[in-house]
Amino acid sequence: MLYIVFLINSAMITVVGNLKGGTGKSTLVFNLAIWLLHKRTRVEVYDLDPQATLSDVAELRSEEGFRPFLSVTGFLPEKSFEQSETLIDIGVSNMGGLYAALARADRIIIPVSPSQADVWSTQRFLHVIRKASKKAQTLYAFINRADTHPAALENAETESALRQLGGLEVLSVRLAQRVIFRRSFSEGLAVFELEPSGKASQELMALAEAVYGAESY
Ligand SMILES: Nc1ncnc2c1ncn2[C@@H]1O[C@H](COP(=O)(O)OP(=O)(O)OP(=O)(O)O)[C@@H](O)[C@H]1O
Ligand SMILES: [Mg+2]
């Protein structure tokens with residue numbers, strides 16, 4: 001009997017992007033990639049930013065001998081992606097790369113700082129996304145560097161303004177402004193590797209599950 005096997009390319013491409021600098025794109029891509037690797041998911045990671053922050057942290061991680069090993073590539077392949085999950089870090093200093101990445105994305109994650117200026121910038125980024133891609137995409141936004149002060153209104157106000165933009169899924173999970181994000185990154189570790197029971201670790205894992213699904217991997 002003849003069996004015909006269809007190979008379905010189920011690679012999911014996630015772009016972490018934003019028109020604003022310093023909103024936590026590279027930090028997020030790094031932590032999500034390590035989270036996926038710990039779940040034994042095959043991940044391809046691309047750093048299209050000339051600053052090459054992600055490539056640098058991957059190199060440090062490798063020099064320190066931390067496992068799982070993270071491999072980062074500086075340019076997109078012409079052909080299709082091979083691994084089940086692809087993560088792309090991109091900023092505005094490479095607009096060509098940004099358009100190319102957005103055109104191929106299945107998911108776009110936008111880290112937003114809690115401020116009105118960041119909401120305006122997100123609105124402009126949505127126009128860029130619409131120009132770059134005609135395919136169906138899931139767009140997530142979430143508050144990064146959330147104010148930890150209990151009386152601060154900016155986090156909720158920013159989320160509400162983002163919801164009013166439309167076309168975005170605004171995640172209720174936030175990453176707070178915490179020194180551990182900077183410290184862990186500078187050591188080549190994900191937050192949950194450096195301080196597994198810390199608040200940042202819980203936040204990061206909740207965000208990863210909101211994007212990838214708690215049971216997916
Ligand atoms: N939740 C957080 N709490 C505290 N510091 C953070 C947090 N997220 C990111 N940072 C810090 O903010 C700075 C900018 O983060 P990152 O480099 O990830 O942003 P980026 O969007 O990739 O920047 P760029 O646009 O320059 O590429 C870094 O020093 C990082 O450690
Ligand atoms: Mg960056």
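If you read the sequence from its start, that first residue is 1, and numbering goes on from there. First listed ligand is number 1; within each ligand, the first listed atom is number 1.
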note = Output for pair (L139 CG, I129 CD1), nearest 0.5 Å, gives 4.5 Å

query = So how far is it from F30 CZ to D47 CG, rounded to the nearest 0.5 Å?
reply = 12.5 Å

So [Y] and [X], do their side chains get closer than 4.5 Å, heavy atoms only?
{"X": "P68", "Y": "R61", "value": "yes"}
{"X": "Q177", "Y": "D147", "value": "no"}
{"X": "D49", "Y": "L54", "value": "no"}
{"X": "F125", "Y": "L98", "value": "yes"}
{"X": "F66", "Y": "E193", "value": "no"}
{"X": "T23", "Y": "N144", "value": "no"}
{"X": "I109", "Y": "L207", "value": "no"}
{"X": "Y212", "Y": "T41", "value": "no"}

[X] heavy atoms, cut-off 4.0 Å: which ligand 1 atoms fall inside?
{"X": "R182", "answer": "29 (O), 31 (O)"}
{"X": "G21", "answer": "25 (O)"}
{"X": "A176", "answer": "1 (N), 2 (C), 3 (N)"}
{"X": "F181", "answer": "1 (N), 2 (C), 3 (N), 7 (C)"}
{"X": "D49", "answer": "27 (O)"}

query = Heavy atoms only: which of K20, Q51, Q177 is nearest to atom 26 (O) of ligand 1?
reply = Q51

query = Relative to atom 18 (O) of ligand 1, which among T27, T148, V16 owns the nearest non-hydrogen atom?
reply = T27

For [atom], closest protein heavy-atom neighbour:
{"atom": "atom 20 (P) of ligand 1", "value": "K25 N, 3.5 Å"}
{"atom": "atom 8 (N) of ligand 1", "value": "N144 ND2, 3.1 Å"}
{"atom": "atom 12 (O) of ligand 1", "value": "R145 NH1, 2.8 Å"}
{"atom": "atom 3 (N) of ligand 1", "value": "R178 N, 3.0 Å"}

message = Strictly under 2.8 Å, is the Mg ion (ligand 2) approached by any N, O or S atom of T27?
response = no

ask   = Backbone, side chain, both or neither: what part of N18 comes under 4.0 angstrom of ligand 1, heavy atoms only?
value = neither

note = Counting heavy atoms under 4.0 Å, the part of A200 that contacts ligand 1 is neither

State whether the shortest distance between N or O atoms of [X] and N or O atoms of ligand 1 falls below 3.5 angstrom.
{"X": "T53", "value": "no"}
{"X": "G22", "value": "yes"}
{"X": "D89", "value": "no"}
{"X": "G24", "value": "yes"}

message = My understanding is that only one of R174, R145, R178 makes a salt bridge (Lys or Arg N to Asp or Glu O under 4.0 Å) with E203; could you say which?
response = R178

